[in-house]
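The next block holds one structure in the form of C-alpha cells; read it before the comments.
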Amino acid sequence: MIDKQLIVNSIFEAVEGQLAKSDIEQTIEKPKYAHLGDYAFPCFTLAKIFRKSPNIIAKEISGKVNNDFIEKVEAVGGYVNIFLKQSEISKGVLSSIVSSQSVYGQQKNGEGQTITIDFSSPNIAKPFSMGHLRSTVIGNAVANIAEKNGYDVVRINHLGDWGTQFGKLIVAYHLWGNKELIEQSPVRELLKIYVKFHEVAEQDDSLNDQARAAFKKLEQGDEEALQLWQWFRKASLKEFEQVYALLGIRFDSYAGEAFYNDKMDRVVELLAEQGLLEESDGAMVVNLENMPPCLIKKTDGTTLYATRDLAAALYRNETYNSTKSFYVVGNEQSLHFKQLFKVLEKMEYGWAKELQHIPFGMMLKDGKKMSTRKGKVVLLEEVLNDAIQLAGKNIEEKNPNLKQKEEIAKVVGTGAVIFHDLKNHRMNDIEFSLEEMLNFEGETGPYVQYTHARICSLLRKGQYNTEISQFEGLSDEAWPVVISLKGFPEVVAKAFELADPSQIAKYLIELSRAFNKYYAHTRILEDDVTRHVKLTLCASVAIVLEEGLRLLGIQAPEEM
Ligand code: ARG
C-alpha cells in the first residue's frame, strides 16, 4: 500500500540526494485544500543549496517525481504538489480494513518485547484524586496503544499502601474512628478522620509524633497495627475496584508499596556495597549530581517512597524481563523519577535508560487545582456518576425510544470523561467541565460515538455485510475520508512513540469530521451502482472509529 515513504523516496531521487530522507519526510506537508494535491513539498530550503529560485527548483523536481501511485505532479509557487491515484489507493485501504477488521493498524515494532506500565496507583485510605483519574485514563490508553504496537504489556497498579499516612490513620482511628461507618463507606470515612487529623495536628504537634510512632510500629510488624492496615487496604481497594469496573480497566498486578517491604534490605545492601550510600544528618542518602540527594532511609530508620520504587524497579526487571517501563505519574513527581532513574544508572543497570516517566498536567476546576488535602475533594465516583446522569438526560432528549438506555448512558458518560482527558496533550492542564465533555457536537467522546452509531444505523438500513463489500467507484467527496482512514496505522505508531493518546483522540475527531462532511453531501443509501462501495466506506469508518475508541478505553455503542 502506498504511504508517505514512497513519496519521500521519489523526492529523494529527484533531488539527487541533496537532502536526507528524514529531512524530506519532515518537510512534506499535507495541503489544506484538495486542489493543492495530497502532498506538497516546499522547495525553499533547497533554494539555498542549489542557488536557484524555489519556483525553478519546484519545476525541475516536479518533472522527476513519479511512482506507481502518483497521478500527477504540479509546480506552484515554489511547491511541488503531488496528486495520488485516488481510486487505486481507495481500493487498497478499503480492502485492507474489511479483511483485517479491528486488526487494521496493528504494528509490529514491539513484537517479542515486554513493557511494564505503572499507572493509576492511588493511595489507600485516601480518595481517588483527579490526578489518579488522569493517570488511570492515560495509562490505560498508553497500555492499549502499546499492545497495538505489538508489545506484551504488564499493567501494574503500584498502590500507595504503605507510608507515614498509615501512622496518621491509625492514630486518627483510635481517636475518632467508627467501625460501622468505615465498613459502609471506607474511603469517605477514612478521609474524614484523615482530614480531622491534619486539622487537629496543626494545633497539637504531638499528634504527628504519635503518628510517626504508630507507623514505626507498623513497619516493625506490630499485630494490631498490621490488622488495621490490612482492613483499611482491603476496604479501600474494593471501592477502587468499582471505579475500575466502571471504566473497564484491569491490572495484571496490584503489587503496591507494601509488597516491597521485604525487598528493600537488598537494595540498601547493594547501594552500600557499591559505595553509593552516604550518611547525611543521620539519614542515608545517595548523592546525585545537579539534583538533590535521593533519600533512602530516614533518621529513624524507616524507608521511603524512593526506596520502595528502587526495590520495585529491580523486582519488575527480574520478574517480567521487560525491555521498557513506563511510569504514568503527575508532572509534580518529575524530580522523584529523575532521582530514581539516576540512582539505578549509578548502580550500573543497563536497563535503567529504558525507564521512562510519562508525566501529565493537572485537572483544574475554575482554573484551580482540584485538591484532596483539606477535604475539598471531588470524589471520582461522583464525577463519573454526574457524567452518566447528564449523558442519560441528553439521550432522553435525543432518542427517547432507545433500548438499554441506562447501559448506554454509562458508556457515553464515562466515554465523555475519558475523551475529555485524552484529547489534549497530556502535559496540558485541563479544565474540568461536564457540559463541555458531553456536548454531542464538540470535540468530544459522544461526538465520535454518535458518528459511529449513526454509521451503524446506516449499515443496518443498507443491510450491509462484508460479503457485499465493493472497493471501487467512490466519488471525489470520499477522498478525504479515505486518506484519513489510510493514516490510522501511522497514527498508532506515533501515539506509542510519543506515549501520547491525544494523537488517537485528535485523529478520531478528524475522521469523524471528514465522514460527517461526506455524509452531508452524499446519499449513501440511494440505490445506484455505487451503493455497495459507499456502504463499504461507511463500514470501514465504523471499524476504525470503534478500534480507535477502544484504544482510548472507550466503548462504541451501535445505537445511542
Ligand atoms: N501512589 C503515588 C501517588 O499517588 C503514585 C505512585 C506512582 N508509581 C510509582 N511507582 N511511584 O502519588
Side-chain angles (χ1 to χ4, degrees), residues 115-140 142-143 153-166 168-169 187 190-191 194 215 229 232-233 236-237 239-240 243-244 249 251-261 263-264 267 294-296 303-320 322 324-344 349 351-352 354-363 369-373 377-380 426 499:
I115 180 171
T116 64
I117 304 186
D118 175 324
F119 68 103
S120 192
S121 310
N123 299 320
I124 292 295
K126 283 201 201 166
F128 202 105
S129 72
M130 292 313 272
H132 294 119
L133 173 66
R134 294 214 68 191
S135 170
T136 308
V137 163
I138 296 168
N140 183 53
V142 170
V153 178
V154 185
R155 294 164 161 83
I156 302 175
N157 195 330
H158 188 75
L159 286 176
D161 56 2
W162 205 251
T164 44
Q165 77 263 31
F166 287 97
K168 295 177 186 172
L169 266 177
V187 171
L190 291 173
L191 173 69
Y194 186 72
F215 180 56
W229 169 76
F232 296 157
R233 183 184 194 274
S236 309
L237 192 54
E239 225 175 293
F240 294 155
V243 176
Y244 295 138
I249 288 176
F251 292 93
D252 299 297
S253 162
Y254 277 98
E257 295 190 40
F259 178 75
Y260 300 100
N261 278 341
K263 297 173 182 63
M264 280 181 293
V267 174
C294 181
L295 255 168
I296 303 294
T303 53
L304 290 121
Y305 184 51
T307 328
R308 292 189 277 277
D309 255 331
L310 283 170
L314 262 62
Y315 175 84
R316 288 175 195 174
N317 182 265
E318 285 159 7
T319 310
Y320 303 114
S322 44
K324 266 187 202 300
S325 296
F326 285 172
Y327 295 81
V328 185
V329 186
N331 193 28
E332 64 278 3
Q333 291 194 26
S334 282
L335 176 62
H336 165 74
F337 286 104
K338 273 200 195 108
Q339 292 173 312
L340 176 68
F341 301 162
K342 196 79 210 173
V343 172
L344 290 164
Y349 291 116
W351 46 263
E354 299 302 336
L355 307 176
Q356 219 178 315
H357 177 207
I358 309 295
F360 52 83
M362 282 186 297
M363 183 81 89
K369 183 178 176 187
M370 294 168 103
S371 95
T372 62
R373 243 299 158 72
V377 278
V378 196
L379 289 176
L380 182 70
R426 58 185 155 73

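Just so we're clear, the structure is a prediction, and the values are computed from it rather than from any experiment. Read the numbers this way: they start at 1 and go in the same order the structure lists the ligands and their atoms.
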Problem set entry | Contact check: S121 vs ligand 1, nitrogen or oxygen atoms, below 3.5 angstrom | yes
Seminar exercise, completed: The atoms of ligand 1 lying under 4.0 Å from a heavy atom of Y305, numbered in the order shown, are 2 (C), 5 (C), 6 (C), 7 (C), 9 (C), 11 (N)
Exercise. Cut-off 3.5 Å, side chains only: do S135 and H132 have a donor facing an acceptor?
Worked result: no
Exercise. Are more than 12 heavy atoms from other residues, nucleotides or ligands located less than 6.0 Å from atom NZ of K342?
Worked result: no
Exercise. Relative to the ring of Y254, is the ring of Y244 parallel (under 30°), tilted (30 to 60°) or perpendicular (over 60°)?
Worked result: tilted
Problem set entry | Flag for Y327-D309: side-chain donor and acceptor within less than 3.5 Å | no
For this session: Please indicate whether any nitrogen or oxygen in H132 is less than 3.5 Å from any nitrogen or oxygen in ligand 1.
Result: yes
For this session: Could you tell me whether K324 sits above the aromatic face of F326, with NZ or CZ closer than 6.0 angstrom to the six-membered ring centre and within 45 degrees of the axis?
Result: no
For this session: Please say whether H336 places an N or O atom under 3.5 Å from an N or O atom belonging to ligand 1.
Result: no
Seminar exercise, completed: min-distance protein heavy atom vs atom 8 (N) of ligand 1 -> D118 OD1, 3.2 Å
Problem set entry | CZ-CZ distance between F240 and R233, expressed to the nearest 0.5 angstrom | 10.5 Å
Exercise. Would you say W162's side chain and G256's backbone share a donor-acceptor pair under 3.5 angstrom?
Worked result: no
Exercise. Given that the side chain starts at C-beta and the backbone is N, CA, C, O, which of these parts of F337 lies under 4.0 Å from ligand 1, counting heavy atoms, or is it both or neither?
Worked result: side chain
Exercise. V329 heavy atoms, cut-off 4.0 Å: which ligand 1 atoms fall inside?
Worked result: 7 (C), 8 (N)
Exercise. What is the closest protein heavy atom to atom 1 (N) of ligand 1, and at what distance does it sit?
Worked result: N123 OD1, 2.7 Å
Exercise. In ligand 1, which numbered atoms sit nearer than 4.0 Å to a non-hydrogen atom of Y327?
Worked result: 10 (N)
Problem set entry | Minimum-distance protein heavy atom relative to atom 12 (O) of ligand 1 | Q333 NE2, 2.8 Å
